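Counting begins at 1 with the first residue of the sequence. Quantities reported herein were computed from a predicted structural model and do not represent experimental measurements.
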Amino acid sequence: MNMTIMMTISIMLTIILIIVGFWLPISNPDAEKLSPYECGFDPLGSARLPFSIRFFLIAILFLLFDLEIALLLPTPWGTQLSPTMTLFWSSLILVLLTLGLIYEWLKGGLEWAE
């Protein structure tokens, strides 16, 4: 297929999808939909209310395991350079994170209700 035909088709398809995206949604805003979502708290209330530390713990654990995925994603490309070192570093990351998870579990940090 000719390059100009492919470019024309892709540009036309993009324009059509943008136009449909503006026309298609039906929006009926009300007070609830327009209010900001703040984890179930009243956004207009006091900012000095006590907050459960367990929410922060779960968020930090999520970020930690999300970082694990980001660190392990380049592993297939690293095996082309030095397979033994890549396996060592990947295993080290997994062992450290597993030990951290076991520590949190034994300390009761993952217990939501007491």
Side-chain angles (χ1 to χ4, degrees):
M1 208 182 248
N2 195 358
M3 189 67 162
T4 57
I5 294 173
M6 289 175 56
M7 289 297 290
T8 306
I9 290 173
S10 64
I11 290 172
M12 290 301 292
L13 183 62
T14 303
I15 292 171
I16 289 170
L17 288 175
I18 288 173
I19 291 171
V20 168
F22 279 117
W23 282 343
L24 192 61
I26 299 170
S27 100
N28 297 325
D30 59 0
E32 283 294 319
K33 288 183 181 178
L34 293 177
S35 68
Y37 179 70
E38 297 290 338
C39 299
F41 294 108
D42 182 22
L44 302 176
S46 173
R48 302 290 179 207
L49 294 175
F51 188 71
S52 174
I53 196 71
R54 296 192 190 269
F55 288 109
F56 289 117
L57 179 65
I58 297 299
I60 288 172
L61 285 174
F62 173 77
L63 289 175
L64 182 69
F65 287 104
D66 197 33
L67 180 66
E68 170 196 357
I69 293 170
L71 289 173
L72 292 178
L73 268 177
T75 302
W77 293 278
T79 56
Q80 295 173 358
L81 300 175
S82 171
T84 55
M85 287 304 292
T86 304
L87 181 63
F88 170 73
W89 287 113
S90 299
S91 300
L92 183 67
I93 290 170
L94 288 174
V95 166
L96 285 174
L97 286 171
T98 304
L99 289 174
L101 180 65
I102 291 170
Y103 176 78
E104 285 291 330
W105 196 331
L106 292 177
K107 288 293 184 177
L110 300 177
E111 298 293 328
W112 193 256
E114 295 179 10

Are any of the side-chain heavy atoms of Leu101 and Phe65 separated by less than 4.5 Å? yes
Is there a side-chain contact between Leu67 and Leu97 (heavy atoms, below 4.5 Å)? no
Please check if the side chain of Ser10 supplies one atom and the backbone of Met7 the other of a donor-acceptor pair under 3.5 Å. yes
Is there a chain of hydrophobic side chains (I, L, V, M, F, W, Y, each step under 4.5 Å between heavy atoms) that links [X] to [Y]?
X: Ile11; Y: Met3; result: no
X: Leu96; Y: Phe88; result: yes
X: Leu106; Y: Leu99; result: no

Quick check for you: to the nearest 0.5 Å, what is the distance between [X] atom [atom1] and [Y] atom [atom2]?
X: Leu13; Y: Ile9; atom1: CG; atom2: CD1; answer: 9.0 Å
X: Leu64; Y: Ile69; atom1: CG; atom2: CD1; answer: 10.5 Å
X: Met12; Y: Leu17; atom1: CE; atom2: CG; answer: 11.0 Å
X: Leu61; Y: Asp66; atom1: CG; atom2: CG; answer: 12.0 Å
X: Ile93; Y: Thr98; atom1: CD1; atom2: OG1; answer: 11.5 Å

Measure across Thr8 and Thr4 and return the closest heavy-atom pair with its distance rounded to 0.1 Å. OG1-O, 2.7 Å
